[in-house]
> 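Here it is, the structure, as structure tokens.
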Amino acid sequence: MHKVFVTRMIPQEGLDLLSTARFRLEVHANDNPISRKELLNKVRDKDGLLCLLSEKIDKKLMDAGRSLRVIANYAVGYDNIDVEEATRRGIIVTNTPGVLTEATAEMAWALLFSISRRIVEADRLMRETNGFRGWEPMLLLGEGVSGKTLGIVGAGRIGQAMAWMSKGFNMRVLYFSRSRKENLEKDLNAKRVELETLLKESDFVSLHVPLTPETHHLIGARELSLMKKTAYLINTARGPVVDEKALVDALRDKKIAGAGLDVYEDEPRLASGLRKLDNVVLAPHLGSATTETRRNMSIMAAENLIAGLRGKTPKNVVNPEVFRAIKK
Ligand code: NAP
Ligand code: GLV
Ligand code: GLV
């Protein structure tokens, strides 16, 4: 009987699948994140691991989990996992692509509107005694969205969904991505440009690249200085894609108009000074946080784990080269 460890309570649907697959299931059902020490201890005798993006799955963990055969990340991003090391050891790594695409793109739009139309500041004002004195010509003026230029950095599943959703707002779409996306160009009249051009011309810059060595600090002080003073930065990708300290400086010095952030460089910590700024809206990494999406992620991660442990090819393998290693 395979032994499986799930590092946090996830929607029941996935856990039910793992139970009916007749695995010996152990769940860290505590409401707190599992400590590193406990995680290292728990993987010791496990064949399968269902883990979160906040857990570092590195060489040391794989040393502790000698019998691990499948690591199913409960996320689409897998920068928390040393995939190369897993491949070397013949461990299959899976993720949850697709089921969270719309939810995350919607979150990027929610942040975009919240910051540009000052929704959080407005809400704060409404809760103050006598904060709302009636309609005012100059109260909380923001920036409009329709007809403006949207710059998508990383036109993958989520970046493309974000671009598609701009159709109703009649926006001009620019994108910077590793490869060309002909459908975006055909259907949305989107234009592929260099990052520098995108930063200079966009009113809203939305980040959707994965975190890799190439995208680490892709947006730093220099890139922020290229943006328009009236432009906004939206980040629902990964915190370290942005130099957060440089972003705080740019926001404080009004080099850009504002930012909407869902992810941070060193979660759950925030760069010093960030939470004091009014021109930023902060969300606690909620991109995929809809009931429906989390349920689907739970099913997908469980199905990946089950397939892998049963010697089948899971649907969402991030290291397909592992099968060559396993066959040998
Ligand atoms: P995806 O489909 O793989 O899209 C990533 C895109 O980035 C691809 O188009 C890829 O180009 C492009 N890209 C990769 N490296 C690049 C580089 N160095 N320069 C320029 N473009 C590059 O992934 P996705 O499903 O859209 O997810 C994207 C990321 O969103 C995830 O990795 C994750 O970190 C983040 N995310 C966050 C949340 C949240 O809760 N906030 C939720 C879900 C996902 P190609 O098309 O040429 O490969
Ligand atoms: C969330 O951030 C994910 O990568 O799924
Ligand atoms: C505002 O409420 C308006 O009617 O213009």
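Note that the structure is a prediction, hence the values are computed from the model and not measured. Counting convention: from 1, in listed order, for ligands and their atoms alike.
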> Is any N or O atom of G154, backbone or side chain, closer than 3.5 Å to an N or O atom of ligand 1?
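Between G154 and ligand 1, no N or O pair is found under 3.5 Å apart.
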
> For T236, is at least one N or O under 3.5 Å away from an N or O on ligand 1?
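Checking ligand 1 against T236, an N or O pair does fall under 3.5 Å apart.
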
> Distance to 0.1 Å, residue and atom name: give those for the protein heavy atom nearest to atom 46 (O) of ligand 1.
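Going by distance alone, atom 46 (O) of ligand 1 is nearest to K181 NZ, 2.5 Å.
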
> With the threshold set at under 4.0 angstrom, would you say V209 reaches ligand 1 through any of its heavy atoms?
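It does, in that a heavy atom of V209 comes within the 4.0 Å cut-off of ligand 1.
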
> Give the numbers and elements of all ligand 1 atoms closer than 4.0 Å to a heavy atom of S179.
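Result: 45 (P), 46 (O), 47 (O).
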
> Would you please determine whether V76 falls within less than 4.0 Å of ligand 1 on a heavy-atom basis?
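Right, V76 reaches ligand 1.
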
> Let me confirm one number: the CG-CZ distance from D278 to R118, rounded to the nearest 0.5 Å.
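Interatomic distance, D278 CG to R118 CZ, rounded to 0.5 Å: 8.0 Å.
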
> Could you go through residues 144-156 and list every donor-acceptor pair under 3.5 Å that involves a side-chain atom there, pairing it with any protein atom two or more places apart or in another chain?
unit_1	atom_1	unit_2	atom_2	d
K148	NZ	G144	O	2.9
T149	OG1	R172	NH1	3.4

> Just by distance, with hydrogens left out, do E265 and H217 show a side-chain donor and acceptor under 3.5 Å apart?
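E265 vs H217: donor-acceptor pair found between side chains.
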
> Report the part of R178 (side chain from C-beta onward, or backbone N, CA, C, O) that has a heavy atom under 4.0 Å from ligand 1; answer both or neither where that applies.
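Contact part for R178 vs ligand 1: both backbone and side chain.
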
> Under 4.0 Å, heavy atoms only, figure out whether ligand 1 is touched by the backbone of H208, its side chain, both or neither.
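For H208, the contact with ligand 1 is made by the backbone alone.
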
> Which residue and atom name correspond to the protein heavy atom nearest atom 5 (O) of ligand 2, and how close is it?
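Answer, as residue, atom name and distance: V76 N, 2.8 Å.
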
> For ligand 2, does H285 get within less than 4.0 Å through its side chain, its backbone, both, or neither, judged by non-hydrogen atoms?
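The answer is the side chain.
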
> What I want to know is whether A237 and ligand 2 share at least one N or O pair that is separated by under 3.5 angstrom.
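No, A237 has no N/O under 3.5 Å of an N/O on ligand 2.
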
> Report the part of L53 in contact with ligand 2, treating N, CA, C, O as backbone and CB onward as side chain, heavy atoms under 4.0 Å; options are side chain, backbone, both, neither.
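Side chain only.
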
> Which atoms of ligand 1 have any heavy atom of G287 under 4.0 Å away?
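The list of qualifying atoms is 39 (C), 40 (O), 41 (N).
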
> Could you tell me which atoms of ligand 1, counted from 1 in the order shown, lie closer than 4.0 angstrom to a heavy atom of H285?
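So the answer, numbered in order with elements, is 39 (C), 40 (O), 41 (N).
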
> Identify, by atom number and element, the atoms of ligand 1 in contact range of T104, meaning under 4.0 Å from any of its heavy atoms.
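It comes down to these atoms of ligand 1: 38 (C), 42 (C), 43 (C).
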
> Looking only at protein heavy atoms, which one is nearest to atom 2 (O) of ligand 3, and what is the separation?
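The answer is W135 NE1, 4.3 Å.
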
> Give the contacting part of L100 toward ligand 2: side chain, backbone, both or neither, where contact means a heavy-atom distance below 4.0 Å.
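Side chain only.
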
> Do the two ring centres, one from F169 and one from F113, sit under 6.0 Å apart?
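They qualify: ring centres under 6.0 Å apart.
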
> Counting only nitrogen or oxygen atoms and a 3.5 angstrom limit, does T101 reach ligand 1?
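There is no such contact.
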
> Would you say E214 has any N or O atom under 3.5 Å from an N or O of ligand 1, going by distance alone?
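For ligand 1, there is no N or O atom that lies under 3.5 Å from one belonging to E214.
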
> At a non-hydrogen distance cut-off of under 4.0 Å, which region of I158 contacts ligand 1 (side chain, backbone, both, or neither)?
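Answer for I158: both.
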
> Is there a nitrogen or oxygen of R157 sitting under 3.5 Å from a nitrogen or oxygen of ligand 1?
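Min N/O separation from ligand 1 is below 3.5 Å for R157.
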
> Between P210 and ligand 1, which residue portion shows a heavy-atom distance shorter than 4.0 Å: side chain, backbone, both, or neither?
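The answer is both.
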
> By number and element, which atoms of ligand 1 are closer than 4.0 Å to a non-hydrogen atom of S177?
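Listed by number with element: 9 (O), 11 (O), 12 (C), 20 (C), 21 (N).
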
> Check the side chains of N80 and N73 for a donor-acceptor pair under 3.5 angstrom, ignoring hydrogens and angles.
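Yes, N80 and N73 have a side-chain donor paired with an acceptor closer than 3.5 Å.
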
> Return yes when atom OH of Y78 has more than 12 non-hydrogen atoms of other residues, nucleotides or ligands closer than 6.0 Å, and no otherwise.
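For Y78, atom OH is not crowded (no more than 12 foreign heavy atoms under 6.0 Å).
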
> Consider every N or O of Y74 and every N or O of ligand 2, then say whether any pair is closer than 3.5 Å.
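The answer is no, given that Y74 and ligand 2 share no N or O pair closer than 3.5 Å.
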
> Looking at L211, V209, L207, which one forms a side chain to side chain contact (heavy atoms under 4.5 Å, CB included) with R238?
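Per the side chain to side chain contact (heavy atoms under 4.5 Å, CB included) rule, the option paired with R238 is L211, out of L211, V209, L207.
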
> Within ligand 1, which atoms have a heavy atom of G77 less than 4.0 Å away?
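Answer, ordered by atom number: 32 (O), 33 (C).
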
> Report the residues that fulfil side-chain hydrogen bond (donor to acceptor under 3.5 Å, both in side chains) with N304, sequence neighbours left out, ordered by chain and then residue number.
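So N304 forms a side-chain hydrogen bond (donor to acceptor under 3.5 Å, both in side chains) with N316.
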
> Which of the atoms in ligand 2, numbered in the order shown and given with their element, are less than 4.0 Å from a heavy-atom of A75?
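Checking each atom against A75, I get 3 (C), 4 (O), 5 (O).
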
> Relative to the heavy atoms of S288, which atoms of ligand 1 are at a distance of less than 4.0 Å?
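Answer for ligand 1: 40 (O).
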
> With only distance considered, is G156 within less than 3.5 Å of ligand 1 through an N or O on each side?
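Yes - when backbone and side-chain N and O of G156 are compared with those of ligand 1, one distance drops under 3.5 Å.
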
> Judging by distance only, is a nitrogen or oxygen of D79 under 3.5 angstrom from one on ligand 1?
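By distance alone, the answer is no.
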
> How close do I234 and I115 get, heavy atom to heavy atom, and via which atoms?
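Scanning both residues, the minimum pair turns out to be CD1-CG2, 4.1 Å.
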
